[in-house]
Student: 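This structure is in structure tokens; I'll ask about it shortly.
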There are 2 protein chains.
Amino acid sequence: MNQNDELPLSLRAAYHGLHRRSETAFAQYGVTADQFVLLATLARGDALTQRELAARMPSDPSTVRAMLLLLEKRGLIQRNTHPTDGRARTVALTKAGRRTFQQVWDAGQPIRDQMRSRLSPEEATMLVSLLRRVTESLASIPPDTARMLVDNGSYESGL
Amino acid sequence: MNQNDELPLSLRAAYHGLHRRSETAFAQYGVTADQFVLLATLARGDALTQRELAARMPSDPSTVRAMLLLLEKRGLIQRNTHPTDGRARTVALTKAGRRTFQQVWDAGQPIRDQMRSRLSPEEATMLVSLLRRVTESLASIPPDTARMLVDNGSYESGL
DNA sequence: TATTGTTATACTCTATAACTATA
DNA sequence: TATAGTTATAGAGTATAACAATA
């Protein structure tokens, strides 16, 4: 195990810290950190179908449905029939959902500030950029196919 | 919401991708991604107490206990009484635990390779360094105290 | 045929609070 | 008094498989 293999654990530790702090800060609003991500995704793109919502979070459609049931029961989101696709349902924030989202967003500002407190603006931008590339790398192979990476970083076959 | 606020979501997306891929790759060994982190922590420092283990993962002592019960039932770890502290219990990998850890470690190698496939060695090092600083920043205030950050990134009071 | 969502189900992780035993 | 761990308990997220309705 060399230093190159520290990336997964350092990624996990950073995320875990963020998640924990968020849960604590959001608890007074009765919203979990993951529910906040769902609300934030809707705030950026209302009237998504459940599948689009799951893809953007990212999360699993089945997981998203379970979360939507909880949020619907609390009156923060509502699901409507899709205008052109009878199978699909669109999801939107209710008025209460928008208000709660804004409150939780504000409650999270100290955490976001603190995350960047030891980073210069350039470093923060760099970090986001590096994280995106990692995410893209991990998404580039279907999870159920195991192919060997070759030395130059491309794949032996497929795609 | 400006671009500076993308850090939390990009961190989450990267971690989520890693977690998902890991769950899939580890499933054949009956080990979850989080259990793997626990095994890896023990592989680096055997005979930790449960609290030390929780602190290093990082995770919650109560969460760790639940995980340990599962792993103990599967024969991958064992808990012994601490040599000098009668309250504490030390946790160690069993022989089967070491073997399973090695297998799962190997099964995860393609994922680790892939994470770094679009990063230069320098960028990978930089990413780990930035993530560590974020983790440290987030850990520097107890989660149950809300203090305002001031402009220079230090705190109005405390510490 | 493929896709969207539902239903039923199960498991893991997470965490709190009250408790016992030991330091 | 403080700390390590246990017990009981609850909730949330995760995911799979079989299914119905629609494209």
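So that the names make sense, note that chain A is the first sequence line, chain B the second, and so on, each numbered from 1. Source: prediction; values computed, not measured.
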Student: Can you list everything that forms a side chain to side chain donor-acceptor pair (under 3.5 Å) with B:Q28? Sequence neighbours excluded, please.
Tutor: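 Partners of B:Q28 under the side chain to side chain donor-acceptor pair (under 3.5 Å) test: none.
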Student: Grab the CZ-C1' distance between B:R79 and D:dA4 for me, whole Å please.
Tutor: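 Taking CZ of B:R79 and C1' of D:dA4, I get 12 Å after rounding.
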Student: Rounded to whole angstroms, how far apart are CZ on A:R65 and P on D:dT16?
Tutor: 16 Å
Student: Tabulate below the donor-acceptor pairs under 3.5 Å that side-chain atoms of residues 65-73 of chain A make, not counting sequence neighbours, or state none.
Tutor:
unit_1, atom_1, unit_2, atom_2, d
A:E72, OE1, A:R79, NE, 3.3
A:E72, OE1, A:R79, NH2, 3.1
A:E72, OE2, A:R79, NE, 3.4

Student: The criterion is side-chain contact (heavy atoms from CB on, under 4.5 Å); which residues satisfy it with A:F26, sequence neighbours excluded?
Tutor: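 With sequence neighbours excluded, A:F26 shows a side-chain contact (heavy atoms from CB on, under 4.5 Å) to A:S22, A:F36, A:V104, given in chain and number order.
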Student: To the nearest angstrom, how far is A:L48 atom CG from C:dG5 atom P?
Tutor: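 So the two atoms are 11 Å apart, to the nearest Å.
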Student: What residues form a side chain to side chain donor-acceptor pair (under 3.5 Å) with A:R56, not counting sequence neighbours?
Tutor: none
Student: Output a table of nitrogen or oxygen pairs between the protein and nucleotides 21-23 of chain C separated by less than 3.5 Å.
Tutor:
unit_1, atom_1, unit_2, atom_2, d
C:dA23, OP1, B:G86, N, 3.0

Student: Show which side-chain atoms of residues 127-135 of chain B pair as donor or acceptor with protein atoms under 3.5 Å away, not counting sequence neighbours.
Tutor:
unit_1, atom_1, unit_2, atom_2, d
B:R132, NH1, A:E6, OE1, 3.4
B:R132, NH2, A:E6, OE1, 2.1
B:R133, NE, A:R118, O, 3.4
B:R133, NH1, A:E123, OE2, 3.3
B:R133, NH2, A:R118, O, 2.8
B:R133, NH2, A:E123, OE1, 2.7
B:R133, NH2, A:E123, OE2, 3.2
B:T135, OG1, A:A14, N, 3.4
B:T135, OG1, B:L131, O, 2.9

Student: Is it true that B:R99 and B:Q102 share a donor-acceptor pair across their side chains at a distance under 3.5 Å?
Tutor: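 Not at all, the side chains of B:Q102 and B:R99 share no donor-acceptor pair under 3.5 Å.
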Student: When the distance from NE2 of B:H82 to P of D:dT3 is rounded to whole Å, what number comes out?
Tutor: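 After rounding, the gap between these two atoms is 16 Å.
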Student: Working to the nearest 0.5 Å, report the span between CG of B:L38 and CE of B:M57.
Tutor: 4.5 Å
Student: I'd like to check the side chain to side chain donor-acceptor pair (under 3.5 Å) partners of B:R89; sequence neighbours left out, ordered by chain and number.
Tutor: none
Student: How would you list, by chain and number, every residue that makes a side-chain contact (heavy atoms from CB on, under 4.5 Å) with B:T81, sequence neighbours excluded?
Tutor: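 With sequence neighbours excluded, B:T81 shows a side-chain contact (heavy atoms from CB on, under 4.5 Å) to no residue whatsoever.
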Student: Please report the end-to-end axis angle for the helix from C:dT1-D:dA23 to C:dA23-D:dT1, five pairs per end, rounded to 10 degrees.
Tutor: 10°
Student: Report yes if at least one side-chain N or O of B:R89 is closer than 4.0 Å to OP1 or OP2 of D:dT6; otherwise report no.
Tutor: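 Indeed, a polar side-chain atom of B:R89 lies that close.
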Student: Can you tell me the distance, in whole Å, between the CZ atom of A:R51 and the C1' atom of C:dA2?
Tutor: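 Rounded to whole Å, this separation is 11 Å.
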Student: When the distance from CD of B:Q50 to P of D:dG5 is rounded to whole Å, what number comes out?
Tutor: 5 Å
Student: B:Q103: which residues meet the side chain to side chain donor-acceptor pair (under 3.5 Å) condition with it, sequence neighbours left out?
Tutor: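 With sequence neighbours excluded, B:Q103 shows a side chain to side chain donor-acceptor pair (under 3.5 Å) to no residue whatsoever.
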Student: Output the rounded distance in Å from CG (A:L68) to C1' (C:dT6).
Tutor: 13 Å
Student: Show each protein N/O and nucleotides 11-15 of chain D N/O combination with a separation under 3.5 Å, one pair to a line.
Tutor:
unit_1, atom_1, unit_2, atom_2, d
D:dG13, OP1, A:T32, OG1, 2.6
D:dT14, OP2, A:S59, OG, 3.2
D:dA15, OP1, B:R20, NE, 3.4
D:dA15, N7, A:S62, OG, 3.0

Student: If the condition is side-chain contact (heavy atoms from CB on, under 4.5 Å), which residues does B:A88 pass it with, not counting sequence neighbours?
Tutor: B:T49, B:H82, B:D85
Student: Please report, rounded to the nearest Å, how far the C1' atom of C:dA15 is from the CG atom of B:L69.
Tutor: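 Value for this atom pair: 15 Å.
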